Amino acid sequence: MQIPAEPDRNLALEMVRVTEAAAIAASHWVGRGDKNSADGAAVDAMRRVLGSVSMDAVVVIGEGEKDEAPMLFNGERIGDGRPPKMDIAVDPVDGTTLTAKGRNGAVAVIALSEAGSMFNPGPCVYMDKIAVGPKGRGTVSLDLSPTENLRNLAKKLGKDVADLGVVILDRDRHSDLMDEVRSTGARILSITDGDVAGAISTAWPDSGADILLGTGGTPEGVIAAAALKGLGGEIQGRLFARDAAEADAARALGYDLNKILSIDDLVAGDNCFFSMTAITDGDFLRGVRYHDFGATTQSLVVRSKSGTVRIVETIHRHNNLTEFSHSGL
């Protein structure tokens, strides 16, 4: 019998166990002011569950290089070593500050795609981004000004520009961008962290978000691309070097800092998987809830090939919580 070279099952349904474990582990640190412990607990839980999954995966986007991250580091092999071969991107806590301060919007996320299909951003930590939902595909570009993009999108959606919801990270670097968006009359939906969920919200029904603009993390951009493929949305990115040394390092490795990266550049092919579990409450998922029976989690699970999008609610019994909070589900 020939072993299949590509995944023949919905790995996203297995990945939900991974993000659930990370979210529950991080939830014990909500509001305790210690973002590093929240992240560390989520990393440990996520890695333990990943080790039980039947796949041969390489971490393309993880917690950093090996000398800085003992687990889920870039280049680490994950899974039990059996096919299929996969690329993996993880963010055990997207919103560590949100978690530490007990604020809404913190999530645990993971994305998988077939081996060799996931973009590796190299030394570049940030990228300029623009994301829209299914109805906005083909109408926006990083080569256009924010004003032009908003006008084009409004026309395509059949809205006034003033009715658009524009997701922007609340950062000093975005002050000029925010001023320009305000000058068009569009509404700014400011977020303090968590631009994976921000990008996804542009493709989510009744979220109020129509477009995401601004500069954010490259890992989050790649992870969001995997989700938006399944949701039918679009994201573009362009690598942003923080200084001359980072720009020189990127160019030395062959990166073109002027190139617009399409959603297919960020995640090639059409067989990728995405799972996101809420740690704290968000726009479309409830955070971890503790009750007499144990705990309840809510997750968003997406597979691009089948176009399936699921909201998974799971009840975890008390007698399992201690175990999988520290050693996986």
Side-chain angles (χ1 to χ4, degrees), residues 3-23 42-43 45-62 72 74 76-94 107-120 131 134 196-197 199-200 203-204 219-235 262-278 284-285 297-314 328-329:
I3 297 175
E6 64 179 40
D8 59 355
R9 65 189 193 278
N10 193 344
L11 281 170
L13 294 177
E14 297 182 54
M15 290 305 101
V16 74
R17 297 190 303 115
V18 177
T19 54
E20 285 173 348
V43 169
M46 184 173 276
R47 186 177 187 273
R48 288 177 182 271
V49 180
L50 278 169
S52 68
V53 178
S54 292
M55 64 179 180
D56 182 5
V58 174
V59 178
V60 176
I61 295 174
L72 294 178
N74 298 350
E76 183 176 358
R77 301 198 79 87
I78 289 292
D80 66 2
R82 292 183 288 179
K85 292 183 177 295
M86 305 294 291
D87 286 345
I88 186 170
V90 299
D91 197 346
V93 180
D94 183 26
V107 295
V109 295
I110 190 167
L112 282 85
S113 61
E114 295 177 50
S117 64
M118 192 171 284
F119 179 74
N120 185 337
V196 171
I200 291 172
W204 195 255
E220 290 82 357
V222 175
I223 292 170
L228 287 171
K229 276 212 163 187
L231 292 167
E234 179 182 9
I235 186 170
S262 70
I263 192 168
D264 289 325
D265 291 321
L266 295 172
V267 181
D270 193 31
N271 199 11
C272 54
F273 309 84
F274 172 83
S275 178
M276 174 173 75
T277 302
F284 41 90
L285 293 174
T297 57
Q298 277 195 345
S299 306
L300 172 67
V301 185
V302 181
R303 184 183 186 184
S304 64
K305 186 174 183 178
S306 59
T308 50
V309 180
R310 294 177 170 91
I311 298 292
V312 177
E313 182 164 294
T314 307
L329 287 166

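Numbering of residues begins at 1 and proceeds along the displayed sequence. These numbers come from a predicted model, not from an experiment.
- Rounding to the nearest 0.5 Å places CG of Asp87 at 5.0 Å from OG of Ser117.
- The salt bridge (charged side-chain N to carboxylate O under 4.0 Å, His left out) search around Asp264 returns Lys229, not counting sequence neighbours.
- With respect to Ser275, the side chain to side chain contact (heavy atoms under 4.5 Å, CB included) criterion is satisfied by exactly one of Leu11, Leu13, Val109, Ile110: Ile110.
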Apply side chain to side chain contact (heavy atoms under 4.5 Å, CB included) to Leu72 and Leu50, showing your working.
-> CA-CA 10 Å; Leu72 294 178; Leu50 278 169; 3.9 Å; yes
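- With rounding to the nearest 0.5 angstrom, the CE atom of Met46 is 8.0 Å from the CD1 atom of Ile88.
- How far SG of Cys272 is from CD1 of Ile263: 7.5 Å, rounded to the nearest 0.5 Å.
- In this structure, Ala45 and Ala21 approach most closely via the heavy-atom pair CB-O, 3.5 Å.
- Each of Val309, Leu231, Ile223 was checked for a side chain to side chain contact (heavy atoms under 4.5 Å, CB included) with Phe274, and the lone residue meeting it is Ile223.
- In this structure, the separation between CE on Met276 and CG on Leu285 is 5.0 Å, given to the nearest 0.5 Å.
- Listed by chain and residue number, Thr19, Ser299 satisfy the side chain to side chain donor-acceptor pair (under 3.5 Å) test with Thr277 (two or more places apart in sequence, or in another chain).
- For Val222, the side chain to side chain contact (heavy atoms under 4.5 Å, CB included) partners are Ile61, Met118, Phe119, Leu266, Val267, not counting sequence neighbours.
- Closest heavy-atom contact between Ser306 and Thr308: OG-OG1, 2.9 Å.
- Residues satisfying the salt bridge (charged side-chain N to carboxylate O under 4.0 Å, His left out) test with Asp56, not counting sequence neighbours, are Arg77, Lys85.
- The line from CG of Asn74 to CG of Asn120 is 7.0 Å long, rounded to the nearest 0.5 Å.
- The nearest pair of heavy atoms linking Pro92 to Val43 is CG-CG2, 3.5 Å.
- Closest approach of Gln298 to Phe284, counting heavy atoms only: OE1-O, 4.5 Å.
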Would Met86 and Val58 count as a side chain to side chain contact (heavy atoms under 4.5 Å, CB included) if you check the C-alpha gap in whole Å, the side-chain angles of each, and the deciding distance to 0.1 Å?
-> CA-CA 6 Å; Met86 305 294 291; Val58 174; over 6 Å; no
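- Smallest separation of non-hydrogen atoms from Asp94 and Ala197: OD2-N, 4.3 Å.
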After noting the C-alpha distance and the side-chain angles of Ile78 and Val90, does the key distance pass the side chain to side chain contact (heavy atoms under 4.5 Å, CB included) rule?
-> CA-CA 11 Å; Ile78 289 292; Val90 299; over 6 Å; no
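- Closest non-hydrogen pair, Ala23 versus Ala108, comes out as N-CB, 4.0 Å.
- Put simply, the side chain of Ile311 reaches to within 4.5 Å of the side chain of Leu300, judged on heavy atoms.
- With sequence neighbours excluded, the residues that form a side chain to side chain contact (heavy atoms under 4.5 Å, CB included) with Ala131 are Ala199, Thr202, Leu212, Leu228, Ile235.
- Residues Ser54 and Arg82 have side chains that bring a donor and an acceptor to within less than 3.5 angstrom of each other.
- The distance from atom CD of Glu76 to atom CZ of Arg47, rounded to the nearest 0.5 Å, is 4.0 Å.
- Between the Asp80 side chain and the Met55 main chain, a donor and an acceptor come within less than 3.5 Å of each other.
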